[in-house]
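Only one structure is covered here, and it is reproduced in the block below.
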Number of protein chains: 2
Amino acid sequence: MTGGVPTGDELVVMLAALANPLRLRIVARLAGGRDYVSRMARDIGISRPLLHMHLQRLEAAGLIAGSLELSEDGKAMKYYELTDFHLHLTASTVAEAVQTLTRSDPDRGPSSKEQS
Amino acid sequence: MTGGVPTGDELVVMLAALANPLRLRIVARLAGGRDYVSRMARDIGISRPLLHMHLQRLEAAGLIAGSLELSEDGKAMKYYELTDFHLHLTASTVAEAVQTLTRSDPDRGPSSKEQS
DNA sequence: TTCATATGTAAGGAAATTCTTTCACATGAA
DNA sequence: TTCATGTGAAAGAATTTCCTTACATATGAA
């Protein structure tokens, strides 16, 4: 499962990952079971490179996990599945997460965007 | 309070509104009580036009509500306060919301972005 | 070999987001 | 009037996001 309480920075990444209609559809798709990239692209009706980008975004946020496997006929298949993520978003939840938020601090941080 | 279960389209707007470090800080700030624009801009340390933009984004998502009031000395003050929003995000929650998602449907909708 | 399947990634552009600067307007106090 | 406070909004640049097209590789089957 996804580690309990996310930090402010992690929360931003998770929210940004979910704040897209196509990625929400992907999550909903995977809620019905794991699947591999090419098949999802066909079913959803988008190009494979585009799906690949969205999947990476979701995986980086820890919402899905991918594993490269070999099918019976030897093809390399990249399977993705959901993680047990659960986010409770309320005013107090957000206030708590912001305490561990390092980005967009007009005082401390250099400007606005910074990587780890 | 914010109407119970959001539609898929509303969910995207809410998530997009929260998926920004500065806006999370604003929400956390308002969790401590209502406040008006200029004062928040000073305290947080950003320009008033920038804060104005972020506040509008949050208000459009239904996460905050603003009201124009007159101070004792006659100045027009725009006060903002939080709404009682609460979002439970899990795989099944997302799957349910996607059923009422009209955007980014490769089949139906024209292309990707569409307003109401 | 050629075809169909699977994978990944790079290049480029359109569109959206984010932020700064600037302008305009109104009120009370000095 | 001038200054300090408050409001709103437009214009433009820098950056990010989103998407398409194209290329490169590998496997099994025909």
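Throughout, a chain's letter reflects where its sequence line sits, starting with A, and its residues are numbered from 1. Atom set for the values below is all heavy atoms of this structure, side chains included, hydrogens, waters and symmetry mates excluded.
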Just call it for A:L22: base, sugar-phosphate, or nothing, with non-hydrogen atoms closer than 4.0 Å on any strand. sugar-phosphate
Nearest-Å distance for atom pair NZ/P, residues B:K75 and C:dT27: 11 Å
Does B:R23 reach a base, just sugar-phosphate, or nothing at all? Heavy atoms under 4.0 Å. sugar-phosphate
Determine: side-chain N/O of A:R57 to OP1/OP2 of D:dC18, distance under 4.0 Å, yes or no. yes
Using only side-chain N and O atoms of A:N20, determine if any of them is under 4.0 Å from OP1 or OP2 of D:dT17. no
B:E59, CD atom: more than 12 neighbouring heavy atoms under 6.0 Å: yes
Selected nucleotide, minimal atom distance to A:H52 side chain, candidates D:dT21, C:dG8, C:dG28: C:dG8
Between NE2 of A:H54 and CG of A:L24, what distance do you get to the nearest 0.5 Å? 11.0 Å
For A:D35, run the salt bridge (charged side-chain N to carboxylate O under 4.0 Å, His left out) check against A:R29, A:R42, A:K78 and tell me which one passes. A:R29
Looking at every strand, decide which applies to A:R42 at a 4.0 Å heavy-atom threshold: base, sugar-phosphate, or nothing. sugar-phosphate
Closest non-hydrogen contact found for A:I64 with A:Y80 is CD1-CD2, 3.5 Å
B:Y80 has an atom OH; how far is it from atom C1' of D:dG8, in whole Å? 10 Å
Choose from D:dC18, C:dT7, C:dT20 the nucleotide whose nearest atom is closest to any side-chain atom of B:L50. C:dT20
Just to confirm, is there a sub-4.0 Å distance from OP1 or OP2 of D:dT17 to any side-chain nitrogen or oxygen of A:H54? no
Quick one: is B:S47 getting a side-chain N or O under 4.0 Å of the C:dT20 phosphate, OP1 or OP2? yes
Between D:dT27 atom C1' and A:M77 atom CE, what is the distance in whole Å? 12 Å
Calculate the interatomic distance between B:E59 atom CD and D:dA9 atom P; express it in whole Å. 11 Å
Tell me which one of B:V98, B:L101, B:L11, B:D105 satisfies side-chain contact (heavy atoms from CB on, under 4.5 Å) with A:P21. B:L101
Just compare D:dT7, C:dT7, D:dT27 and give me whichever is closest to any side-chain atom of A:L68. C:dT7
Quickly work out the A:E72 CD to D:dT27 P distance and round it to whole Å. 18 Å
Separation of B:I46 atom CD1 from C:dT20 atom C1', in whole Å? 12 Å
For C:dA6, does either OP1 or OP2 sit under 4.0 Å from a side-chain N or O belonging to A:K78? no
Measuring from the side chain of A:S104 (C-beta onward, heavy atoms only), which nucleotide among C:dC19, C:dT18, C:dT7 has the closest atom? C:dC19
State, without any angle test, whether A:D73 and A:S71 hold a side-chain donor-acceptor pair at a distance under 3.5 Å. yes
Would you say the side chain of B:R48 and the base of D:dG6 hold a donor-acceptor pair, judged only by whether the two atoms sit under 3.5 Å apart? no
Measure the distance from CZ on A:R103 to P on C:dC19 and round it to the nearest whole Å. 11 Å
Gap between atoms CG and C1', on B:L55 and D:dG6 respectively (whole Å): 15 Å
Is any side-chain nitrogen or oxygen of A:Q56 closer than 4.0 Å to OP1 or OP2 of C:dT9? yes
